[in-house]
**Student:** 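What follows is a structure written as structure tokens; I'll ask about it next.
These figures come from a predicted structure and were not determined experimentally.
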Amino acid sequence: MKIIKGVKISPGVAIGPIYYFERYKFPIPKTYIKSEERDNELLRLKRATSKAAGELSQLRELVLDHLDEGHARMIDAQLMALTDEEVIKEVKKVIQEERKNVTWAYFDVMTQYEKALEKTLYIYHKERYIDLRDVKKRVIHHLSAEKQYTVPDLTEPSIFVSKRISPSDIIHIHHLNTIGIITEIGGFDSHSGILARAFRIPYLSNVLEIDKIIGTEQLILDADEEKIILDANKNIMKEYEKRVRQFSISKKKSLAGHAVYESRDGLPFHIFMNAGFLSEVEAIEPSSVQGIGLFRTEYQCIESNSIPDEDDQYETYSKVIKNMSGLPVTFRTFDFGRDKFIDMLDLEMFHQDQLFDDWGGISFCLENPSLLTSQLRAFLRSSVHGPIQIMLPMVSSVDEVLKCKEILRNVQIELREEGIAFRKKINLGAMIETKDVMQILDDLAREVDFFSIGTNDLSLYLIGSERKSSLIKNHYHPVMFQAISKIVESAKRYQIPVNVCGEMGADPYALIGLAAIGIRDISVSYSALQQVAEVVGNISIREVELIADELLSAEDTIEIYTMLKNCLLYTSDAADEL
């Protein structure tokens, strides 16, 4: 028996064969063709480049609509590389003279160009090298006769294994036969991690020995204990088969009982759920939560690689609201940060584009007012089915909020003139998740109805790290608790509620700290709901508040972690004695 370690991204256990997937590194068929087959191979090349050109043209329109002409020209560079006469001429020559099949010929020619450009120090040539790589992947994708090498296609219940997995991959495979995920690269707070937890797929990352599990007929994935077991004996296998059955049952049933509304000492506490897909909302029993605290609307776009129109959005939002049976739903406007837009476009060149680093959130929507107007119309139209709130992501200035309020007022006027009903009172809130906004909290509090703290991004801005890395250590960083305390105090001054909707709220120890400094509303993923409810139901907030001053004066992460862990153990023991 061999054990391989990793880092838990999403809880759960699974037993099964692996499905190894390495995008764009699929076999190139190296076969020679007959003379009479040359014309057919050239026709295949024409069709493949035509399909690739069509896709790039659509991407160009998307980029032009939602970014600018400068970034659209990056697509133009790929279109030029795709139709480069010298490249096409060379591929035809290889097919005609060397009688290689078209996929082999195209791969060889493009690889030669890449190697030549890779050696140069000129920036222009480096950029063209990236363009060629993207184009080569796209064309070979259309030339490939084996679709399973370009699109994940699990034909039997399997554990998906890859170097990394993108959000779009998870969206594609979660309804197939995926029973688990193992990757070499990936972080707890990555968008892929958030999706895996939303779909309740066991996921272990930072697995550095993937080469040792490739070809394994069957393995045990224990994300709960952060390990992979190879060649398990009969007793171990029997034990895990029982755990897999229990996990399967827990996935199928809704959370038992009713939502927790207060702590052990009777103080009110609100626990909401984060979601991004209608299927997540349909799977829960509304009585097990107090509402949806964050609905990530941009996940619809990643799912379809397009932005739904107003009517499609209205249909989705209406179904979400109806499924919650009168409980409140907080919809976040499209949050197209750099990483999410890259996931939609799936172009390597955009990973190299540093111009993307500082845009996203509500500023993206304000730069594309027609996009925001359509979404606000869909929100308001759907509000007749139940209570909703609208949340603005990545707010950096009061002016952004004022512009959104003006657009919202104009939408309300339009709908009244069109005779379309909508709820009169809809709260508008701001997500607090950047360093800059921390300087204008009071000014912002005067203009909004609530604050929502996005702890994932806030920690990136205040402490510094990357989403692809695990950010759990940031949950205990002194800077985070000091910042959140400042946000809470500002909200109190202006009598508006404040909610934590990042992963920090799902961490039992961090949750103790949040309760100590005044947080009474949190929103977490489905997989964390039960654990969070148990913590809240067992703690005495009045006792927890006693550590607030010590917590805010702490100087390092280990000190805070130890303090919170001991506090949770103490409050849990006290609850057991009652």
Side-chain angles (χ1 to χ4, degrees), residues 188-189 263-265 267-271 430-445 450-465 469-524 531-532 535-536 538-575:
F188 183 84
D189 297 297
S263 61
R264 176 165 55 85
D265 54 340
L267 295 184
F269 204 101
H270 304 104
I271 303 173
M431 288 197 77
I432 310 300
E433 48 190 339
T434 68
K435 191 174 184 178
D436 292 341
V437 80
M438 294 296 299
Q439 311 306 316
I440 58 168
L441 289 173
D442 282 1
D443 294 333
L444 197 60
F450 65 94
F451 281 161
S452 186
I453 305 173
T455 57
N456 298 354
D457 282 314
L458 184 61
S459 66
L460 297 181
Y461 279 94
L462 295 181
I463 302 167
S465 187
S469 305
S470 177
L471 301 180
I472 294 176
K473 61 182 181 297
N474 290 347
H475 295 174
Y476 318 117
H477 200 289
V479 170
M480 286 297 291
F481 285 104
Q482 292 161 12
I484 293 170
S485 179
K486 183 179 178 181
I487 297 167
V488 170
E489 291 304 314
S490 180
K492 283 181 180 177
R493 280 194 291 273
Y494 293 91
Q495 298 182 323
I496 62 173
V498 57
N499 168 280
V500 167
C501 64
E503 296 296 330
M504 189 171 174
D507 183 315
Y509 301 146
L511 177 57
I512 294 291
L514 293 173
I517 59 176
I519 292 295
R520 299 292 179 266
D521 293 28
I522 62 168
S523 189
V524 298
Q531 183 180 39
V532 164
V535 171
V536 170
N538 285 329
I539 64 171
S540 165
I541 288 181
R542 291 185 179 89
E543 291 178 0
V544 166
E545 286 177 329
L546 297 176
I547 70 167
D549 290 341
E550 185 181 358
L551 178 65
L552 294 174
S553 61
E555 296 182 354
D556 65 69
T557 300
I558 296 176
E559 180 183 355
I560 287 179
Y561 173 79
T562 304
M563 184 192 313
L564 296 177
K565 184 177 180 181
N566 291 338
C567 185
L568 180 59
L569 291 174
Y570 171 78
T571 55
S572 297
D573 290 343

**Student:** For T434, check side-chain hydrogen bond (donor to acceptor under 3.5 Å, both in side chains) against everything at least two apart and list the hits.
**Tutor:** none
**Student:** Rounded to the nearest 0.5 Å, how far apart are CD1 of I512 and CD1 of I560?
**Tutor:** 14.0 Å
**Student:** Apply side-chain hydrogen bond (donor to acceptor under 3.5 Å, both in side chains) to S490 and list each qualifying residue two or more places apart in sequence or on a separate chain.
**Tutor:**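 Scan of S490 (side-chain hydrogen bond (donor to acceptor under 3.5 Å, both in side chains), adjacent residues dropped) gives D442.
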**Student:** At what distance, to the nearest 0.5 angstrom, does SG of C567 lie from CG of L546?
**Tutor:**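 Going from SG on C567 over to CG on L546, the span is 8.5 Å.
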**Student:** Specify the closest pair of heavy atoms between L568 and P508, including all atoms of both residues, with the distance to one decimal.
**Tutor:**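 Shortest heavy-atom contact: CD2-CB, 4.0 Å.
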**Student:** Could you go step by step and tell me if F269 and I522 meet the side chain to side chain contact (heavy atoms under 4.5 Å, CB included) rule?
**Tutor:** CA-CA 8 Å; F269 204 101; I522 62 168; 3.9 Å; yes
**Student:** So which atom in E503 and which in N456 form the shortest heavy-atom distance, rounded to 0.1 Å?
**Tutor:** N-OD1, 3.0 Å
**Student:** Is there side-chain contact between R520 and I541, with at least one heavy-atom pair below 4.5 Å?
**Tutor:** yes
**Student:** Please report the closest heavy-atom contact between E433 and G454, naming both atoms and the distance.
**Tutor:** CB-O, 3.6 Å
**Student:** Counting only heavy atoms from other residues, nucleotides and ligands, does the tally under 6.0 Å from CG of D443 exceed 12?
**Tutor:** yes
**Student:** Angle class for the Y509/Y561 ring planes (parallel below 30°, perpendicular above 60°, tilted otherwise)?
**Tutor:** perpendicular
**Student:** Please report the closest heavy-atom contact between I547 and A516, naming both atoms and the distance.
**Tutor:**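 Taking I547 first and A516 second, the nearest heavy atoms are CG1-CB, 4.0 Å.
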**Student:** Between A515 and I539, what is the shortest heavy-atom contact and its length?
**Tutor:**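 Minimum heavy-atom separation between A515 and I539: CB-CD1, 4.3 Å.
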**Student:** Between atom CG of D521 and atom CD1 of I271, what is the distance when rounded to the nearest 0.5 Å?
**Tutor:** 10.0 Å
**Student:** Of I453, I432, V498, L552, which meets side-chain contact (heavy atoms from CB on, under 4.5 Å) against I484?
**Tutor:** I453
**Student:** Measuring from E559:CD to E550:CD, what's the distance to the nearest 0.5 Å?
**Tutor:** 7.0 Å
**Student:** What's the separation between atom CE in M431 and atom OG in S452, rounded to the nearest 0.5 Å?
**Tutor:** 4.5 Å
**Student:** I would like to know whether L564 and F481 meet side chain to side chain contact (heavy atoms under 4.5 Å, CB included); could you show each step before the answer?
**Tutor:** CA-CA 12 Å; L564 296 177; F481 285 104; 3.8 Å; yes
**Student:** Out of curiosity, M438 CE to L444 CG, how far, rounded to the nearest 0.5 Å?
**Tutor:**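 So the gap between those two atoms works out to 11.0 Å.
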**Student:** Give me the one residue out of I558, L551, T557 that meets side-chain contact (heavy atoms from CB on, under 4.5 Å) with Y476.
**Tutor:**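 Only match with Y476 under side-chain contact (heavy atoms from CB on, under 4.5 Å): T557.
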